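Worksheet for the structure shown next.
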There are 2 protein chains.
Amino acid sequence: MQGYDKYAHEPFAVTVDLAVLTLREGALHVLLVERGQEPYAGKWALPGGFVRPDESAETAARRELAEETGLDDVSAASGLHLEQLRTYSDPGRDPRMRVVSVAFAALLPDAPEPHGGGDAAEARWLPYDDTGPLAFDHDRILADAHDRVGAKLEYTCLATSFCPPEFTLGELQQVYETVWGTGLDRPNFRRKVLATPGFVEPVPGAARLTGGRGKPAALYRAGTATALHPPLLRPPREGRSA
Amino acid sequence: MQGYDKYAHEPFAVTVDLAVLTLREGALHVLLVERGQEPYAGKWALPGGFVRPDESAETAARRELAEETGLDDVSAASGLHLEQLRTYSDPGRDPRMRVVSVAFAALLPDAPEPHGGGDAAEARWLPYDDTGPLAFDHDRILADAHDRVGAKLEYTCLATSFCPPEFTLGELQQVYETVWGTGLDRPNFRRKVLATPGFVEPVPGAARLTGGRGKPAALYRAGTATALHPPLLRPPREGRSA
DNA sequence: TGACTAATAGTCATGACGACTATAAAGAAC
DNA sequence: GTTCTTTATAGTCGTCATGACTATTAGTCA
């Protein structure tokens with residue numbers, strides 16, 4: 001950290017990239033923008049942009065999220081979760097110049113269709129499993145975001161960030177099942193969630209019909225706890241040992 | 001990510017900061033350098049430096065680690081663990097200019113006294129609990145490193161990164177106790193570690209006298225596993241509920 | 001030889017969890 | 001209405017992980 005001189009070093013551009021995840025119709029969806037220019041023109045990319053001189057990366061991420069989704073209120077309103085993932089800095093990751101990108105993962109409850117208010121040519125929710133190769137190293141960033149979210153579901157109460165303010169335990173379970181790609185036993189999931197103090201708290205007297213059929217489910221709100229002790233471990237992948 | 005122009009935006013300096021942790025005499029120690037210039041002249045700081053134009057942040061971190069510690073071989077040799085923590089980008093974090101810093105945590109087994117080969121005026125191992133206020137936002141970075149390492153001990157085999165190539169289970173337990181700041185039951189710790197396939201593997205026939213007294217302990221090497229399933233949870237802090 | 005120390009072996013009760021069965025409350029089919 | 005289907009919720013049972021202990025072994029030190 002010696003010899004500071006603003007122009008002694010090649011300037012780096014610093015950007016943020018956002019992996020914005022949500023659940024639509026029981027499937028994990030990602031917010032993507034279509035690139036209008038080379039390189040990767042016509043390809044889908046994660047939304048993002050330059051960090052401004054007076055901003056932190058976190059501030060820039062929030063601003064970009066509002067711009068690209070048109071969900072200005074979302075940051076204040078529902079339980080938006082914005083989390084720094086890691087920073088991608090390979091010298092060749094942008095063919096034009098040296099760009100260091102701080103990646104964030106953002107989780108949204110419901111997903112209003114974005115109206116590309118910002119620079120984005122077109123912003124759309126695309127199913128996570130159905131994203132072709134993305135621009136730059138965004139495939140890797142997206143995969144890292146998925147990994148991180150999947151891991152944090154185990155030992156935090158993060159799952160409620162995917163849910164609307166009031167939700168059923170079935171909906172909460174769907175978050176786990178969708179992100180993890182596994183099925184969970186319903187009574188056991190219920191027992192575990194309710195046994196964790198502060199994970200969810202019941203909404204008195206309220207119930208929701210889960211699409212018509214079946215017994216109406218009780219409604220819950222997100223509790224005050226953030227950590228999960230002991231964790232809710234995802235079932236270990238089978239077929240490992242002999 | 002539109003409108004790329006190398007000089008259209010204020011240039012950011014990109015640096016890496018390293019929280020290098022080790023265990024000396026049963027206490028957590030951090031590698032710190034004494035600053036020779038303003039700002040924060042005379043204060044201790046985390047080692048670090050500029051990312052060069054042709055480097056990734058990870059490469060820069062490895063280079064700085066070798067330079068500052070004089071432990072060139074260490075990256076190749078023993079089980080060095082280098083992990084990206086997060087990126088610190090508050091506009092005011094360096095009073096001179098806009099510096100975005102990618103922080104890394106590095107874990108070393110034994111700790112040869114560093115011979116400040118790099119720019120560092122003086123590099124020293126200082127006890128973690130005895131670091132006065134550090135320069136810049138390095139207190140926060142260091143605390144984040146500690147948090148991260150403590151958390152990763154729970155669900156990874158990271159603890160062996162603090163140990164020499166061959167170690168006793170008592171030494172491994174000391175890693176947990178020191179980083180977590182708690183005591184652990186020795187037989188239970190032993191049972192847990194040995195029950196986790198791939199965590200450690202015995203060195204046949206070898207034993208070490210743990211400082212003279214007591215029964216000699218068997219020696220183990222780090223196994224091939226990286227994850228811990230189920231995790232080794234740290235004892236929950238007491239005095240929470242009524 | 002006999003304290004002392006530390007590693008290792010083993011026991012026991014509790015708690016968490018996976019697998020499963022049973023019941024309740026709704027709509028749909030007839 | 002009655003019955004079937006669907007989904008939520010309640011409860012059971014055995015297993016495994018774990019916390020709290022006790023016992024034994026193998027060394028040093030006095």
Side-chain angles (χ1 to χ4, degrees), chain A residues 26 153-155 163 166-177 180 182-197 199-220 227-238 240-241, chain B residues 26 153-155 163 166-177 180 182-197 199-220 227-238 240-241:
Chain A
L153 287 189
E154 291 194 328
Y155 55 96
C163 294
E166 298 192 343
F167 52 88
T168 69
L169 291 186
E171 289 166 348
L172 189 65
Q173 182 176 348
Q174 261 212 353
V175 173
Y176 280 88
E177 294 180 331
W180 286 349
T182 60
L184 296 175
D185 180 82
R186 199 180 272 270
N188 290 342
F189 178 83
R190 172 188 192 77
R191 182 218 293 157
K192 173 70 185 176
V193 170
L194 294 181
T196 303
F199 193 174
V200 298
E201 44 188 46
V203 177
R208 178 191 296 168
L209 308 188
T210 330
R213 290 227 258 275
K215 175 174 174 177
L219 286 177
Y220 294 84
L228 222 53
H229 265 292
L232 204 166
L233 296 177
R234 89 185 89 181
R237 298 225 163 276
E238 329 241 323
R240 187 82 56 88
S241 53
Chain B
L153 287 188
E154 291 194 327
Y155 56 94
C163 294
E166 299 192 343
F167 52 87
T168 68
L169 291 186
E171 289 166 347
L172 188 66
Q173 182 176 348
Q174 261 213 353
V175 173
Y176 280 88
E177 293 181 331
W180 285 349
T182 61
L184 297 174
D185 180 82
R186 198 180 271 272
N188 290 341
F189 178 83
R190 171 189 192 77
R191 183 219 290 157
K192 173 70 183 175
V193 170
L194 294 181
T196 303
F199 193 174
V200 297
E201 45 188 46
V203 178
R208 177 191 299 168
L209 308 189
T210 330
R213 292 227 257 273
K215 177 173 172 177
L219 286 177
Y220 294 84
L228 223 52
H229 265 293
L232 204 167
L233 296 177
R234 89 185 89 180
R237 297 224 163 276
E238 329 240 324
R240 187 83 56 88
S241 54

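Reminder, nothing fancy here: chain letters follow the sequence lines and each chain counts from 1. Everything numeric here is computed off the predicted structure, so don't read it as measured data.
Residue A:F167 contributes atom CZ, which lies 14 Å from atom P of D:dA8 at whole-angstrom precision. Separating the CZ atom of A:R234 from the C1' atom of C:dG18 is a distance of 18 Å, rounded to the nearest angstrom. Rounded to whole Å, the distance from NZ on A:K215 to P on C:dA25 is 5 Å. Spacing between atom CG of A:L169 and atom C1' of D:dA10 amounts to 13 Å, rounded to whole angstrom units. For B:L184 and D:dA17, the CG to P distance is 19 Å, given to the nearest whole Å. Across the protein-nucleic acid pair, B:H229 atom NE2 and D:dC16 atom C1' stand 16 Å apart, rounded to whole Å. Atom CG in A:L233 sits about 19 Å away from atom P in C:dG15, given to the nearest Å. Rounded to an integer number of Å, the gap from CD of B:Q174 to P of C:dA6 is 11 Å.
Remark: A:K192 is in phosphate contact with C:dC17, judged by side-chain N or O atoms under 4.0 Å from OP1 or OP2. In terms of phosphate contacts, B:R186 brings a side-chain nitrogen or oxygen within less than 4.0 Å of OP1 or OP2 of C:dA7. Close to C:dT8, at under 4.0 Å from its OP1 or OP2, lies a side-chain N or O of B:R190.
In plain terms, the two heavy atoms of B:L228 and B:L153 that are nearest each other are CD2-O, 4.0 Å. Counting all heavy atoms, side chain and backbone alike, A:W180 lies closest to A:L232 at CH2-O, 3.2 Å. Across every non-hydrogen atom of A:L219 and A:E166, the tightest pair is CD1-OE1, 3.6 Å. Between A:L169 and A:R190, the shortest heavy-atom distance links the atoms CD1-NH1, 3.2 Å. In plain terms, the two heavy atoms of B:K192 and B:P230 that are nearest each other are NZ-O, 2.9 Å.
For A:E171 (side chain) and A:C163 (main-chain N/O), no donor-acceptor pair under 3.5 Å exists by modelled atom type.
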For this session: Show the numbers, then the answer: is there a side chain to side chain contact (heavy atoms under 4.5 Å, CB included) between A:L194 and A:Y220?
Result: CA-CA 10 Å; A:L194 294 181; A:Y220 294 84; 3.9 Å; yes
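Nearest to the side-chain atoms of A:R213 among the listed nucleotides D:dT9, C:dT5, D:dT6 stands D:dT6.
A:A195 comes within 4.0 angstrom of no nucleic acid atom, judged by non-hydrogen atoms across all strands.
For the pair A:P230 and B:L219, nearest-nucleotide mapping onto DNA chain C gives the more 5' position to B:L219.
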Expected rows: protein N/O vs nucleotides 19-22 of chain C N/O, under 3.5 Å:
from: C:dA19; atom 1: N7; to: A:N188; atom 2: ND2; distance (Å): 2.9
from: C:dA19; atom 1: N6; to: A:N188; atom 2: OD1; distance (Å): 3.2
from: C:dA19; atom 1: N6; to: A:R191; atom 2: NH2; distance (Å): 3.3

